Each structure stands twice: as C-alpha cells, then as structure tokens.
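On a predicted model such as this, the values are computed, not experimentally measured, just so you know. To find a chain, count down the sequence lines: A is the first, B the second, and so on, and within it residues start at 1.
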4 protein chains.
Amino acid sequence: MGKRGPKRDEAAEKRILDTTRDLICERGATRVTINEIAEHASVGKQTIYRWWPSKAALVFDALEREIKASSPPPDTGTAYGDVRIQMQRVAKLMNSPLRAILRELIAETFGDDEIAKQFRTLFFAERRRQATATIQAGIDRGELRPDLDLEIVNDLLYSPLWMRMIIGHQELTPKAVDKLLDHVWPAFVLEA
Amino acid sequence: MGKRGPKRDEAAEKRILDTTRDLICERGATRVTINEIAEHASVGKQTIYRWWPSKAALVFDALEREIKASSPPPDTGTAYGDVRIQMQRVAKLMNSPLRAILRELIAETFGDDEIAKQFRTLFFAERRRQATATIQAGIDRGELRPDLDLEIVNDLLYSPLWMRMIIGHQELTPKAVDKLLDHVWPAFVLEA
Amino acid sequence: MGKRGPKRDEAAEKRILDTTRDLICERGATRVTINEIAEHASVGKQTIYRWWPSKAALVFDALEREIKASSPPPDTGTAYGDVRIQMQRVAKLMNSPLRAILRELIAETFGDDEIAKQFRTLFFAERRRQATATIQAGIDRGELRPDLDLEIVNDLLYSPLWMRMIIGHQELTPKAVDKLLDHVWPAFVLEA
Amino acid sequence: MGKRGPKRDEAAEKRILDTTRDLICERGATRVTINEIAEHASVGKQTIYRWWPSKAALVFDALEREIKASSPPPDTGTAYGDVRIQMQRVAKLMNSPLRAILRELIAETFGDDEIAKQFRTLFFAERRRQATATIQAGIDRGELRPDLDLEIVNDLLYSPLWMRMIIGHQELTPKAVDKLLDHVWPAFVLEA
DNA sequence: CGTTAAGCGAGACGGTACGTCCTGTCTTAAC
DNA sequence: GTTAAGACAGGACGTACCGTCTCGCTTAACG
C-alpha cells in the first residue's frame, strides 16, 4: 500500500533545474540567487528547499542531469586513441557554457563538506572509473607499462585540464590538449 | 612638503592580516565575514576597506605575507632533485593550515575577475617561474629533453597537487608526491 | 436526485472545533495556525477549508458552539435584577478561558469585513437583542424611563465590560460588575 | 565617556514613521508589510528592526507622535461642557484616518503582551488621566455626586466610543456622541 | 451489485512576508 | 586628521503559513 498524497511534481523539478542551468551559464557563478531561480521557474522557494538542502546541491543536480546523457566509451583500438578522445571530451565540456556550473560547483565544494564528498564520489570518481578502464585495457594489451598506478595516471592526464579551467592560465583548445597528452604519454608506454 | 597626520598604522595592518589568517584557518573557507575580522582585530571596517578593495584581496595579502619568507631555490645538482624538493615544499604548504586560505582564494577567484588575474599573475605565475627555471637548467645540462614545453611540464607536475588539495580525492603525503613525480619523470628525460 | 457519496464527517468537524478551542485557549490569540489545527486534529487542511472560508469563520464557529448551550433569560421580577444577572453572565464568560477566543475574534474582525459583519450581526446583535428585551420590559413595567434609547443603554451597560476584556485596564470581578451597574443605573430609572 | 560612532538618523526615523502612518491610513490595518514600509521610506529593513522590536511597536510610535501635539484641556466652566468637548475630540480622532492605526494597535495588543501594557499605560491611561481631572473638578465644584468612582465614570463615558470604533455597530457622529453623554449624565449629577 | 461521485488524511504546490545577516559606504566622537 | 565604533541603504537568505490542488483510499446512494 503506497503512500497517499501528491507526488513530487516532476515538471516543477525540471523547470528548476533548467532555470538553474540557464541562469548560471549566462550570468556566471555567484551572481545567481535562489530567489531568482524560484521566480524565474515560477516556483515557490519552499519547493526548492524541500528537495535540495543547499544551492550547491541544486547546482550539482543541474550539472549531473546535463552530463548523464554521456557518450559511450570510445574504442579506437589503442589506449592512446581512447585516452585522447576522452580528454578531448572533457576539455570540450570545460569549454562549453557548462563550464560556469563546473566552476560554481568547485567553489561550493569548499564551504560544504557534504557537497565536496558528493562531488568526489559521484562526479569525479565516475569520470575516473571510465578513464581507468581504458588505461587498464592498454596495460592488458601490452601497450602500457604494467607497473602504472592508475590513480596517478588519471591525475596526470586530467588535473592539468581541471586547473586550466579553474585558473585559466593556459588555453584548453583541442590542440593544447593533444600537446599535453603527447608530453606525458612517453612515461606510460613500455620502453622500446 | 611631507604629509601631515599619522601614517598607515602598521600595527593595525598586522592585526587585520593575522586575524584574517587565523579565522580562515580555524573556521574554513566561506564562513568568515569582514565584520568579524574587523571586530576581532579591533579595527573599524573602514580601515579594512581603505586598504583592500575586497575580501579576496585581503585574503590574498594574508597568504602572500605568509609565504613571502620562502626558502631559497633548491640546488641538489640534478633537475630531478630540485623538482622533487620544490614539489615537496608545495605539498607541505597545501597540508598546512594555510590550506584553508589557498582554497578560499581559489573560490574567490570565480566571482571576481580582478582577483582571478591577480592570483594567476602574482601567485600562480610566480611559482611557475621558479619551477620553470629548474627545468630549463635541466635541459641546458642535457638531463632533460630539449623539446619540452615548459608550461606543460609545469602543468603536469603541479596540477595534480592542486587538484588533490582542492578535491581531496587522494592524499598529499611526501611519499605520494614522490610517486607522482616518478610516474611522470620518464617522459622528461632523454631516451637512453 | 440526492447527492451521492459520503456525508460530512461530524467526528472530524468536532475534532476541528475542539482543537481550535483548545489551542486558542492555551496559546492565546494569534499564535495558532490552520496547519497546526489540521495536524493536531488529524485532519486534512482541505477538510477545514471545505467547510470554513477563513480562520476567523472557524474560530467563530468554535465559540458559537461553546455558548450555544446558553442559560435561559433571567426572570427575577425586576429589570435591575435581570440586567445584573445578564451582565454577570457576560463577565463570567469574559473571565473564562474562552476569553482568548473572544479576543481573537475581535482581532480577526479588523482584517476581514465579512467576519466583522458576521460578528456584529450574529454574535454582538444576538446578545444585544436579549439585553434589549429586558430593558423594554422594565420600561413597560414603569420601572425605567420611557425615553431611553435601547441601543445606547446597551452600549452603556456592556461596552465597559468588553473594553475591560480587550484592554485589561480594570478587573472584571462580580463585585466590579455590580459597581459598574450601580453607577449607571440611576440614569435609567424614573426620577422619584 | 560618551560613545563613539554615528547617532540615530532622525531623518530616517521620521521617514519611517511617516510612511507607517500613511500606508496604514490608506490601506488599512493588516495589509501593510514591514518590507513595504522599508522600501517606501528608502530605508534598510535592519534600520527598522534596530529601533523597533515589532511592527506593533512601530505602529505605536507612529500613532503616539501623531497625538502628542494634543489640544489643551477644555475649560467651559461646567463639567458637562468639558466632558462633552473631550468626548467629541476622541470621537473625531476615531473618525479620522488615524482610526485605522487605532484599530491596528488594538489588534496587535492581543498577540504581544508588551505592546498591550504599553498601550494601556502610555495611551489609554494618559487619556484617562485628563478625563479624570475634569470629573474631579466637577465634584469639587459640587456639580457631580461626590461618591463617583472616577475609573467607572471613565469607562461609562469612553468605552461606548471605543466599542463603536472597534465593532462599528453604531455611528460615531457628533450627534450620537451627545446622545450617549446625555443618556448617562443623569447618573452623575446630584439629585435635585 | 458494481459504478461513481463525494469526503477524507496527507502533503506538495505557487506565493507572500518574515526577521536575520552581511556588504560596502558614511558619520561621529575620541585620541 | 586618522581611528574605532557603528548606523545606514540594500539585498539574499532560509523559515513559516497561507490557501489551492492532487493523490489514493473509503463510503454510500444510484442505477
């Protein structure tokens, strides 16, 4: 015997997440208020606070929904090719309007331990898992050194992308990404 | 014709910067307000706003003063040794209480383009310059590949440290830092 | 063709009115919300709104039910005696816990013209009608001056009681009520 | 030693009280919000909350300031004449736009014991003191019965006016006030 | 007897106002 | 003449209720 009463209004949920995404993308990180989101989405503030404990959690969901429809893992036949495609995909995301949301999320991470954990486990870890599989396949095929620490390889490949997005000290063009990859790759392959 | 009246009160400035550092270190990133700093430092708010245009600038100064008394560039005789010491130093800073200030600064970076620029040019770039010199010396001595892009080498060495500090997905122990370095280093040395 | 479906649930109605009375009496005027009444009475909010257009109407009914079982008109043989008993009854009500409801009702009166009218016609006028009959009988018996304006006599007798309940500047003890009556009564009797 | 820092801004205070009076008079009791007053008075909400603990206290001050410039006590030579003028003045106030504020205040009285006390002591008691002096003078001159209870006389004279303002069951025209006075007056004069 | 329109407890919804908090500017008395 | 203290205008926050609507269940008159 299921519960009585109205269910969560999914139309309202969609309106809220869409508005959150749109406003953040167009106006940048901190310059969006919950009041605005509520008004713009034609929603009572309480409806937001009922389902999300903080602005960060809301932003998180808005981003997650956007990325969920993710592309299938690449399969070029070589570890190098697969890693390259994955890095380009990540860089492309970081250059899209969603970039503003990613930055916002990282900022929120600092003030809210719960969000930090969520970001780590649900988003960061998820991406890492996929990347890790590609590397492991390369090792198994004998392309890559068998003594690689997968976590470290991940850090070396993706941290530079993240920092460029965060700090903006260098560009994130496809060319720049390739260059990054080519610089580190020799450390991963078996010596001739 | 010298100015009349008291000069900038350096005792007050010190009290402000100390309080900023202490409060941020003890309470974490966002949970410190200008009002609090003023009250805690027994200083009028105006005195803060007179000398710093924003909270971010204040935090920035508080951090800068703390690292100004920096160590001399290492000189172990090898590029590997020097890079290793530099990475360990950065990791140590990121593990100290100042970690909270670093995170705060990055967060402020997002909402304030002026601060972002300052952070890039004065802090990030400064560190890079030092690191870059070490690498260049390695190249000149024939230890490292001459075709290395110094910016990229920097990204590969330090971005993983930054991301570990920001996200906290992996540890930043001396051992872990060594491991990171050893994983990427083969990409930099000349092939046998 | 009579209506289908269940009839009004009288148990729920009773629970609502009881809860309204109890909460208002115990917590005072404004500090009771419809949400609370609904929850406390184990009733859906809609069930309240279905039968009462506003909180004021609900409070009104709660009070009316409480005084409906009113005493029969007094008959002591003299106008003075009858008026005295009526005044004492009113004062007694104003000293009972129902005092809180009476005050609440007057407060609601201000914001809601419909309730103001209802209060005037159904409650205030009702009480006045009874009082008026007593006075008229006194006139008819030759005890009281025939030129009395009944409305004004009513005002003179009961307004002081209401104001003492509302403002609380003087007590409402039986003795005080007698004193009030004795002070004004000479104005009503025929001169010797 | 005296305190440092800025003093209370009397221009802002005036703007707040004026706005409160105007908005309440024009829109009636409950339909005015603190937000509106703040916005309309070009004042931060905090400035209101800094000086008044509640909306009721604010309304109270707005009314008090309005009545402070009160007329001098009447002196017609007879108690009847003086009482008549005083009653007419009160009735006039109750018919003016300030009527809305008086009603609002009484309503607030119910939910806030502190305001109730203030209303009683500062406003109600003040008016009573003046009226009482008039009656006492009448007794001293031998016009009125020496055994009158002044509090009760006050209740008999003014409570009907208050109730007519509150409930609105009868009119408050000058003529009606005279009629009220004439009905009760015989009870106060010495028998022939 | 099954259909079906009410009534029900529960509670999510779009809103409005609240009272608190913080920002960055301005004002005043004290040193 | 700069300082500390702190009042000011402004505006976002998260909470509390409002009155309406929606859900799934129960009840009883109708067909």
> What is the distance, to the nearest angstrom, from the CD1 atom on A:Ile16 to the P atom on E:dA12?
14 Å

> Between P on E:dA17 and CG on D:Leu23, what's the gap in Å once rounded to a whole number?
12 Å

> Counting distance only, does the side-chain N/O of C:Arg15 pair as donor-acceptor with the main-chain N or O of C:Val43 below 3.5 Å?
no

> Check if the side chain of D:Gln46 and the base of F:dC8 share a donor-acceptor pair of N or O atoms closer than 3.5 Å.
no

> Are side-chain heavy atoms of D:His40 and D:Asp18 found at a separation under 4.5 Å?
no

> Has B:Glu36 got more than 12 heavy atoms of other residues, nucleotides or ligands less than 6.0 Å from its CD?
yes

> How many Å lie between CD1 on A:Ile37 and P on E:dG14, as a whole number?
14 Å

> Using the closest heavy atom to pick a nucleotide of DNA chain F for each, name whichever of B:Val43 or C:Gly5 lands nearer the 5' end.
B:Val43

> My understanding is that only one of B:Leu17, B:Leu58, B:Asp22, B:Val59 makes a side-chain contact (heavy atoms from CB on, under 4.5 Å) with B:Ile37; could you say which?
B:Leu58

> Does some side-chain heavy atom of B:Arg50 sit less than 4.5 Å from a side-chain heavy atom of B:Thr47?
yes

> So what does B:Asn35 hit on the nucleic acid, given a heavy-atom distance under 4.0 Å: a base, only sugar-phosphate, or nothing?
base

> Looking at every strand, decide which applies to B:Arg15 at a 4.0 Å heavy-atom threshold: base, sugar-phosphate, or nothing.
sugar-phosphate

> Select base, sugar-phosphate, or nothing to describe what A:Trp51 touches, counting heavy atoms under 4.0 Å on all strands.
sugar-phosphate

> Return whichever of A:Val32 or C:Ser54 has its heavy-atom-nearest nucleotide of DNA chain F closer to the 5' end.
A:Val32

> Name the residue closer to the 5' end of DNA chain E, choosing between D:Lys55 and C:Gly44 according to the nucleotide with the nearest heavy atom.
C:Gly44

> Remember a base hit wins even if backbone is also touched, and classify A:Ala12 as base, sugar-phosphate or nothing at under 4.0 Å, heavy atoms.
sugar-phosphate

> Counting only heavy atoms not in D:Glu26 (residues, nucleotides, ligands), do more than 12 fall under 6.0 Å from its CD?
yes

> Within the structure shown, what part of the strands sits under 4.0 Å from D:Ser42 by heavy-atom distance: base, sugar-phosphate, or nothing?
sugar-phosphate

> Return the value, rounded to whole Å, for the distance between atom CZ of D:Arg4 and atom P of E:dT27.
18 Å

> Rounding to a whole Å, what distance do you find between B:Ile48:CD1 and F:dT2:P?
18 Å

> Which is true for B:Glu39 with a 4.0 Å heavy-atom rule: it touches a base, it touches only sugar-phosphate, or it touches nothing?
nothing

> Would you mind reading off the distance between A:Arg27 atom CZ and F:dA12 atom C1', rounded to a whole angstrom?
13 Å

> Would you mind telling me which residue lines up with the more 5' stretch of DNA chain E, A:Ala38 or D:Tyr49, judged by nearest nucleotide?
A:Ala38

> Reckon D:Thr33 has a side-chain N or O less than 4.0 Å from the OP1 or OP2 of E:dT16?
no

> Between E:dG11 and A:Arg8, is there an OP1 or OP2 to side-chain N/O distance shorter than 4.0 Å?
no

> What's the NZ-P distance between C:Lys7 and E:dA6, to the nearest Å?
10 Å

> Rounding to a whole Å, what distance do you find between B:Ile34:CD1 and F:dG6:C1'?
16 Å

> Examine the base of F:dG10 for any acceptor or donor lying under 3.5 Å from a partner atom in the side chain of D:Lys45, and report the outcome as yes or no.
no

